[in-house]
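Structure, as structure tokens:
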Amino acid sequence: MARKFIVAGNWKMHTTIDEGIQLATQIQEGQRNANTTVILGVPFTHLFPVKKKLKAASKIHLAAQNCHYKNSGAFTGEVSPATLAALKIPYVILGHSERRLFNHEDDALLALKIQAALENGLKVIFCCGEPLEIRKAGDHVKFVQKQLEASLFAVPATDMKNIIIAYEPIWAIGTGETASPNQAQEIHLAIRNMLKKQYGKRIADNTSILYGGSVKSSNAKEIFGQPDVDGGLVGGAALDSQEFLKIINSQ
Ligand code: PGA
């Protein structure tokens with residue numbers, strides 16, 4: 001099984017529901033490379049109305065941007081992975097650096113969230129990536145390895161088919177600055193080798209590792225052309241349907 005090429009949009013806290021429906025509809029109607037798995041990470045409020053507008057044949061999948069680690073309980077304002085599963089939302093993004101920073105999510109909490117999501121049959125897009133000072137010190141590989149060891153590597157091998165990794169250097173998110181294709185390839189290969197050590201070659205070869213951080217149509221082709229980059233997690237550029245379609249077609 002060759003690993004999937006995936007372009008996922010992360011809409012963050014952008015768009016009203018009407019705007020979101022319009023954006024998803026434009027992406028649905030656009031010309032799309034059939035080999036690209038397309039995922040839209042929309043706000044919680046948008047999941048149901050956007051899902052209703054997407055035709056099964058469009059093969060556009062939805063992702064939540066977070067979920068709780070419990071299925072129910074007294075957790076005001078939280079969203080349960082069981083609720084997402086009941087809504088037939090296939091994916092959830094976990095460990096995004098904005099949630100680690102603004103919502104104080106640490107590796108131990110993320111390990112619980114990953115487990116809960118998988119137990120509910122959700123596929124997880126797990127984000128990792130280093131801040132600028134770590135990159136400048138040359139410690140990025142070690143930093144990412146720690147993130148994976150402390151949360152992702154609790155996942156049993158049998159569940160790894162439901163994991164997508166998104167490497168997102170924090171210094172490249174929303175800054176207009178991207179990792180160079182060489183920088184992306186270096187760390188993606190390092191991540192794949194970590195997977196190989198933990199789970200063996202077959203799982204390492206079959207796990208999609210996406211790059212995120214200021215991906216645009218002007219740089220997507222070069223980054224996606226690297227042998228260990230299997231697509232992208234796209235923030236700002238995912239909010240413009242034409243731009244996002246160009247990225248989808250950048251393989
Ligand atoms: P960006 O965001 O493309 O706007 O840098 C990426 C992300 O946060 O996933």
Side-chain angles (χ1 to χ4, degrees), residues 4-15 19-20 23-24 27 36-44 46-47 60-67 89 91-105 110 113-114 117 123-132 134-135 140 143-144 147-148 151-152 163-181 183-184 187-188 191 208-224 226 229-251:
K4 278 188 180 153
F5 179 79
I6 299 166
V7 173
N10 176 9
W11 291 6
K12 309 192 179 186
M13 201 175 69
H14 293 293
T15 72
E19 288 164 351
L23 181 53
I27 295 163
T36 308
T37 297
V38 179
I39 302 171
L40 304 179
V42 308
F44 284 129
H46 299 32
L47 286 167
I60 294 176
H61 311 282
L62 291 180
Q65 298 173 11
N66 174 41
C67 70
I89 301 303
Y91 294 92
V92 61
I93 300 170
L94 292 175
H96 192 280
S97 60
E98 286 152 15
R99 291 208 60 88
R100 291 178 191 256
L101 177 66
F102 302 128
N103 300 79
H104 314 293
E105 296 194 2
L110 290 170
K113 288 191 177 206
I114 293 170
K123 295 185 195 333
V124 173
I125 302 173
F126 176 73
C127 303
C128 57
E130 80 288 349
L132 186 59
I134 297 286
R135 166 64 64 165
H140 47 287
F143 184 91
V144 168
Q147 286 183 319
L148 298 187
S151 41
L152 188 69
I163 297 287
I164 296 163
I165 295 174
Y167 166 69
E168 299 202 304
I170 296 171
W171 46 274
I173 295 177
T175 58
E177 196 175 333
T178 15
S180 69
Q183 284 175 321
I187 190 138
H188 279 234
I191 293 170
S208 297
I209 306 175
L210 315 185
Y211 169 80
S214 299
V215 173
K216 309 185 261 296
S217 63
S218 57
N219 58 28
K221 221 181 179 78
E222 223 189 339
I223 297 174
F224 295 169
Q226 299 303 307
V229 178
D230 308 310
L233 179 57
V234 185
L239 297 170
D240 176 323
S241 58
Q242 293 315 306
E243 176 70 2
F244 192 61
L245 283 163
K246 281 189 203 157
I247 296 171
I248 290 170
N249 295 326
S250 290
Q251 192 183 8

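Just follow the structure's listing: the first ligand is 1, and inside any ligand the first atom is 1. Values below: all heavy atoms of this structure, side chains included; hydrogens, waters and symmetry mates excluded. Along the sequence shown, residues are numbered consecutively beginning with 1. Bear in mind the structure is a predicted one, so any value in this text is a computation, not a measurement.
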Proximity of C127 to ligand 1 by residue part, where a heavy atom lies under 4.0 Å: neither

Report the part of N10 in contact with ligand 1, treating N, CA, C, O as backbone and CB onward as side chain, heavy atoms under 4.0 Å; options are side chain, backbone, both, neither. side chain

Under 4.0 Å to a heavy atom of [X] - the qualifying atoms of ligand 1, by number:
| X | answer |
| --- | --- |
| H96 | 7 (C), 8 (O), 9 (O) |
| G213 | 5 (O) |
| G174 | 1 (P), 4 (O), 5 (O) |
| G236 | 1 (P), 3 (O), 4 (O) |
| K12 | 2 (O), 7 (C), 8 (O) |
| S214 | 1 (P), 3 (O), 5 (O) |

I'd like to know if R135 and E130 make a salt bridge, using a cut-off of under 4.0 Å between side-chain N and carboxylate O. yes

Taking NZ, NE, NH1 and NH2 as the nitrogens, is one of them in K12 or E98 under 4.0 Å from a carboxylate oxygen of the other? yes

Does a donor on one side chain sit under 3.5 Å from an acceptor on the other, for H140 and Q183? no

Between H61 and T37, does any side-chain donor sit less than 3.5 Å from a side-chain acceptor? no

What class does the angle between the rings of H188 and Y211 fall in, given that below 30° is parallel, 30 to 60° is tilted and above 60° is perpendicular? tilted

Give me the residue, atom name and distance of the protein heavy atom closest to atom 9 (O) of ligand 1. E168 OE2, 2.6 Å

Protein heavy atom at shortest distance from atom 3 (O) of ligand 1: G235 N, 2.8 Å

Ignoring angles and geometry beyond distance, decide whether V234 reaches within less than 3.5 Å of ligand 1 through its nitrogen or oxygen atoms. no

So, 4.0 Å and heavy atoms of A172: is ligand 1 close enough to count as a contact? yes

